[in-house]
Amino acid sequence: MQQTPSSSSCSGWLGGAIRRIEADYQRSADTHLIPLPLPALAAAGIDLYLKDESTHPTGSLKHRLARSLFLYALCNGWVREGTTIVEASSGSTAVSEAYFARLLGLPFIAVMPRSTSPEKVAQIAFYGARCHFVDHAAQVYEEAHALAEQTGGHYMDQFTYAERATDWRGNNNIAESMFQQMARERHPVPAWIVVGAGTGGTSATIGRYLRYRCHDTQVCVPDPEGSVFSAYHRSGDATLTAAGSRIEGIGRPRVEPSFIRSLVDRMIEVPNLDSVAAMHALSALLGRKVGPSTGTNFVGMLAIAGEMRAAGRQGSILSLLCDAGERYLPSYHDATWVQNAFGDIGPAQRRIDALVAG
């Protein structure tokens, strides 16, 4: 005999909250998969693609994560009507969570470093949220915990729950979407998927999906200068710390619980200037500006493509266009800012341009 679902899950504020999130999802089309025009690599049988996550309503890959985190917290009973949501975020996750908090009529506080781009701060404020600043990236965790305690709210904690909030077996996660969109390409099962790690949740979701579907695809995480993830991947020592990344949105000063090293086949350490140079090169290729974490992804794609070409291997390489470059016009897309922050970009730009030209 079929049981009737309990009223606590299907009616009242909780049911309405879940229905609003699901309705928002139904209003959104899937993101595009963009082929990159690189003739020298294409002639060698190597095709590169970017899944354009900048087209989500909040403009980045983190829209998927925020949706999953809210549903996870709601279904666990951690978030109720009137709950203050607190998150530790360098920007994009906070923008997306602020969107969903407003959708549900919940107060939201984003705890972030003072160095976060003004454009992201303005976007968070646009959704009616409050920004709480700390001096250093490593301070966001304790401060977020403390604010949640003070407000009687819920600390969303993307760094812990990113890898478990998304259903990696399917349910239209990003990996499933990639493979559906690749179905008619000349190399439909990619040789590599290249994805940077902030929480590690995306690489975990993709890695699990690949194993679940038995795809012969490997996962590469390009790790920005200053991040701890590469050293942790080599050693397995979860107590390691590092200075922290200066490529906004990826890389961390500590090992995050959502970064699952056994699901990552390879790490590539990427200097900051290479990330910025690749960001500019890719922006020129696409005719639109992309963000610095996408530049880091592009460095990883070019490195793997070069190795495949040298070895005579053919196949496809997928990565993510994480967010649009308009968020970084006064910083990573400003020559004076880059010179002051990182130094002379010229040698890195020439190196990346040569790789793009083939």
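Under a 3.5 Å cut-off, the side chain of R208 and the backbone N or O of E163 do form a donor-acceptor pair. Between the side chain of T217 and the backbone N or O of W192 there is no donor-acceptor pair closer than 3.5 Å. The main-chain N or O of G45 is found under 3.5 Å from a side-chain atom of H187 such that the two form a donor-acceptor pair. No donor-acceptor pair closer than 3.5 Å links the side chain of D47 to the backbone N or O of S316. Proximity of a side-chain donor or acceptor of S283 to a complementary backbone N or O of V290 within less than 3.5 Å is detected. For E87 (side chain) and D157 (main-chain N/O), a donor-acceptor pair under 3.5 Å exists by modelled atom type. Proximity of a side-chain donor or acceptor of T151 to a complementary backbone N or O of T84 within less than 3.5 Å is not detected. Checking side-chain atoms of S89 against main-chain N and O of A94 turns up a donor-acceptor pair under 3.5 Å. The backbone N or O of A348 lies less than 3.5 Å from no partner atom in the side chain of D274, so there is not a single donor-acceptor pair. Formation of a donor-acceptor pair under 3.5 Å by the S258 side chain with backbone atoms of A162 is found in this model.
Within a 6.0 Å sphere centred on CG of D135, other residues, nucleotides and ligands contribute more than 12 heavy atoms. A 6.0 Å sphere centred on CD of E149 holds no more than 12 heavy atoms belonging to other residues, nucleotides or ligands. Around CD of E326, the count of heavy atoms belonging to other residues, nucleotides or ligands within 6.0 Å exceeds 12.
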I'd like to know whether R164 forms a side chain to side chain contact (heavy atoms under 4.5 Å, CB included) with T205, so could you lay out the CA-CA distance, the side-chain angles of the two residues, the decisive distance to 0.1 Å, and finally the verdict.
CA-CA 8 Å; R164 65 195 74 171; T205 295; over 6 Å; no
Please determine whether side chain to side chain contact (heavy atoms under 4.5 Å, CB included) holds for the pair Y161 and L69, giving the CA-CA distance in whole Å, both sets of side-chain angles, and the decisive distance to 0.1 Å.
CA-CA 7 Å; Y161 296 111; L69 288 170; 3.8 Å; yes
For a ring pair (Phe, Tyr, Trp, His ring centres under 6.0 Å) check, start with the C-alpha distance between F159 and Y141, then their side-chain angles and the critical distance, and finish with the verdict.
CA-CA 9 Å; F159 300 108; Y141 314 98; 5.5 Å; yes
Steps toward ring pair (Phe, Tyr, Trp, His ring centres under 6.0 Å) verdict (Y332, H280)
CA-CA 9 Å; Y332 300 90; H280 287 298; 9.4 Å; no
One pair to check against side chain to side chain contact (heavy atoms under 4.5 Å, CB included): K51 and Q181. What are the steps and the verdict?
CA-CA 9 Å; K51 189 159 176 59; Q181 291 174 317; 2.8 Å; yes
Test log, rule salt bridge (charged side-chain N to carboxylate O under 4.0 Å, His left out), inputs D24 and R27:
CA-CA 5 Å; D24 178 81; R27 291 192 294 269; 3.6 Å; yes
Show, in sequence, the C-alpha distance, side-chain angles and deciding distance for W78 and F70, and conclude whether the ring pair (Phe, Tyr, Trp, His ring centres under 6.0 Å) test is met.
CA-CA 10 Å; W78 298 340; F70 267 86; over 10 Å; no
Report the C-alpha distance between R309 and L41 in whole Å, list the side-chain angles of each, state the deciding distance to 0.1 Å, and finish with yes or no for side chain to side chain contact (heavy atoms under 4.5 Å, CB included).
CA-CA 7 Å; R309 186 179 181 184; L41 290 175; 4.1 Å; yes
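A salt bridge links R234 with E269: the distance from a Lys NZ or Arg NE/NH1/NH2 to an Asp or Glu carboxylate oxygen falls below 4.0 Å. Using a 4.0 Å cut-off between charged side-chain N and carboxylate O, R266 and E307 make a salt bridge. With salt bridges taken as basic N to acidic carboxylate O contacts below 4.0 Å, none links D223 and R252.
Ring orientation note: the planes of H63 and F100 are tilted relative to one another, at an angle of 30° to 60°. The aromatic rings of H145 and Y155 stand perpendicular to each other, their planes meeting at an angle above 60°, with 30° marking the opposite boundary. Using the six-membered ring where Trp is involved, F229 and F259 have ring planes that are parallel, under 30° apart on the 30 and 60° scheme.
The two residues L104 and A17 make their nearest non-hydrogen contact at CD2-O, 3.6 Å. The shortest heavy-atom contact between G325 and H333 is O-CD2, 3.6 Å. Among all heavy-atom pairs drawn from V134 and V111, the shortest one is CG1-CG1, 4.1 Å. Closest non-hydrogen pair, L320 versus N297, comes out as O-ND2, 3.1 Å. Minimum heavy-atom separation, A277 to I345: N-CD1, 3.8 Å. M279 approaches G291 most closely through the heavy-atom pair CG-O, 3.5 Å.
For the pair K62 and L65, the minimum side-chain heavy-atom distance is below 4.5 Å. Between H233 and S230, every side-chain heavy-atom pair lies at or beyond the 4.5 Å cut-off. V255 places none of its side-chain heavy atoms less than 4.5 Å from the side chain of T239. Between V195 and S319 there is no side-chain heavy-atom pair separated by less than 4.5 Å. By the 4.5 Å heavy-atom criterion applied to side chains, F108 and R102 are not counted as neighbours. Residues I174 and I206 form a side-chain contact, since some pair of their non-hydrogen atoms from C-beta on lies under 4.5 Å apart.
When only modelled atom types and interatomic distance are considered, R246 and S115 share no side-chain donor-acceptor pair under 3.5 Å. Using modelled atom types, one finds no donor on one side chain facing an acceptor on the other under 3.5 Å when comparing Q158 with T199. Between the side chains of E143 and H132, at least one donor N or O lies within less than 3.5 Å of an accepting N or O. Checking D334 against Y328 by side-chain atom types alone, no donor-acceptor pair falls below 3.5 Å. Counting only N and O atoms by type, the side chains of T83 and H154 include no donor and acceptor under 3.5 Å apart. S177 and D30 share a side-chain donor-acceptor pair at under 3.5 Å. Residues S275 and T296 bring a donor and an acceptor atom of their side chains to less than 3.5 Å of each other. Between S68 and T166, the side chains place a donor N or O and an acceptor N or O closer than 3.5 Å (distance only, hydrogens not considered). Remark: the S60 side chain and the D323 side chain contain no N/O donor-acceptor pair separated by less than 3.5 Å.
Under the 4.5 Å side-chain heavy-atom criterion for grouping Ile, Leu, Val, Met, Phe, Trp and Tyr, L33 is not connected to I46 through any hydrophobic cluster. Hydrophobic clustering, with ILVMFWY side chains joined whenever heavy atoms are under 4.5 angstrom apart, groups V270 together with I352. Clustering ILVMFWY residues whenever any of their side-chain heavy atoms sit less than 4.5 angstrom apart, transitively, puts M178 in a cluster other than the one holding L50. Tracing side-chain contacts under 4.5 Å through hydrophobic residues (I, L, V, M, F, W, Y), one never reaches I317 starting from L210; they form parts of separate clusters. Cluster annotation: L318 and L38 are assigned to distinct hydrophobic clusters (Ile/Leu/Val/Met/Phe/Trp/Tyr, side-chain heavy-atom contacts under 4.5 Å, transitive).
Both tests pass for R261 against the ring of Y232: distance under 6.0 Å to the centre and angle within 45° of the axis.
A distance of 4.5 Å separates CG of L282 from CG of L286, quoted to the nearest 0.5 Å. From R80, atom CZ reaches atom CG of L74 across 10.5 Å, with rounding to the nearest 0.5 Å.
A side chain to side chain donor-acceptor pair (under 3.5 Å) with S92 is found for exactly one of Q123, R327, E248, namely R327.
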